[in-house]
Amino acid sequence: MHCLPCPHCNANLEVSPAKAGGQIECSQCDRAVDVPKLGELRQLPPSVSAPVLPKGDSGKRGMPVIFAALAMLAAGMLLAAGYSAIRYAIIEVPIDTVGHIAQFRDAYQDASSAQLVREWEDITERDIDLPTPYRYRTIQLTKAAWGRNALILALAGLASFAAAVAVGRRGRTDA
């Protein structure tokens with residue numbers, strides 16, 4: 001769009017290159033104004049309301065693609081976060097460390113002296129280190145991992161959603 005002064009009232013008129021060589025009506029004085037040919041029209045200053053973009057660049061050509069990619073990324077991450085949260089919620093840990101120690105304490109209180117001596121000999125002979133954690137501890141660690149994944153995916157999904165909204169708003173304000 002170019003700014004063409006009206007020869008009758010000096011009002012600034014916005015003229016598109018498509019109107020070159022034709023006539024437009026002045027919005028102030030309602031008189032016909034001849035629009036110069038395209039070569040002369042391009043020498044006029046650009047109108048204030050239209051942003052000046054480099055030739056061949058629309059300025060926001062990639063915005064819909066970026067917006068769609070960020071929106072799909074956000075949707076995928078939020079779906080994965082929901083799946084992880086459901087997995088976290090359905091895993092039941094049968095006992096925790098405090099309960100496990102209480103079970104041993106109760107078992108040793110009811111044991112005879114001979115059983116305690118045999119237990120002590122087994123511990124000293126075989127060593128106390130376990131090759132793998134107890135089953136309840138493995139379940140606890142698995143549940144914690146699902147919860148951590150749900151939180152990380154939810155935060156990443158929300159960040160992607162915020163970026164998509166920012167790109168969408170930027171595309172609209174540039175229009």
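Residue numbers count from 1 along this sequence. Note that these values count all heavy atoms, side chains included, but never hydrogens, waters or copies made by symmetry.
Under the 4.5 angstrom side-chain criterion for Ile, Leu, Val, Met, Phe, Trp and Tyr, the cluster partners of Ile91 are Tyr83, Tyr88, Val93, Ile139, Trp146. The hydrophobic cluster around Val98 extends to none of the other residues, as no ILVMFWY side-chain heavy atom falls under 4.5 Å of it. Chaining together hydrophobic side chains whose heavy atoms lie under 4.5 Å apart leaves Leu141 on its own.
To the nearest 0.5 Å, the span separating SG on Cys9 from CD on Gln28 amounts to 6.0 Å. Atom-to-atom distance recorded for Cys26:SG and Leu13:CG is 4.5 Å, nearest 0.5 angstrom. Separation of atoms CZ (Arg137) and OG1 (Thr142) is listed at 10.0 Å; rounding is to 0.5 Å. Note that OG of Ser160 is 4.0 Å distant from CG of Leu73, once rounded to the nearest 0.5 Å. Note that OG1 of Thr124 is 6.5 Å distant from CH2 of Trp120, once rounded to the nearest 0.5 Å.
Every pair tested for ring-ring contact (aromatic ring centres under 6.0 Å, His included) that includes a residue from residues 19-46 fails, sequence neighbours excluded, so the list is empty. Legend: ring-ring contact (aromatic ring centres under 6.0 Å, His included) pairs involving residues 5-33, not counting sequence neighbours: none detected.
The two atoms that bring Ala154 and Ala81 nearest to each other are N-CB, 3.5 Å, heavy atoms only. Between Ala20 and Val35, the shortest heavy-atom distance links the atoms CA-CG1, 3.8 Å. Minimum heavy-atom separation, Asn149 to Ser84: CB-OG, 4.0 Å. Across Ala80 and Leu153, no two heavy atoms sit closer than the pair CB-CD1, 3.6 Å. In terms of heavy-atom proximity, Leu38 sits nearest to Pro17 at CD1-CB, 3.8 Å.
Judged by distance alone, with hydrogens and angles left aside, the side-chain atoms of Gln115 form a donor-acceptor pair with the main-chain N or O of Ser112 at under 3.5 Å.
Scanning for side-chain contact (heavy atoms from CB on, under 4.5 Å) contacts around Tyr108 gives Phe104, Leu116, Glu119, with sequence neighbours left out.
With contacts defined as side-chain heavy-atom distances shorter than 4.5 Å, the pair Val15/Ile24 qualifies. Between Pro46 and Met1, every side-chain heavy-atom pair lies at or beyond the 4.5 Å cut-off. Counting heavy atoms from C-beta outward, Gln103 and Ile95 have side chains that approach closer than 4.5 Å. When side chains are defined from C-beta on, Glu25 does not count as touching Val33, because their heavy atoms never get closer than 4.5 Å. Taking the side chain as every heavy atom from C-beta outward, Pro5 and Asn12 approach each other to under 4.5 Å.
The local environment of CD in Glu92 is sparse, with at most 12 non-hydrogen atoms from other residues, nucleotides or ligands closer than 6.0 Å. Within a 6.0 Å radius of CZ in Phe161, no more than 12 heavy atoms belonging to other residues, nucleotides or ligands are found.
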### Query
Is there a side-chain contact (heavy atoms from CB on, under 4.5 Å) between Tyr136 and Thr97 once you walk through the steps?
CA-CA 8 Å; Tyr136 77 90; Thr97 304; 3.4 Å; yes
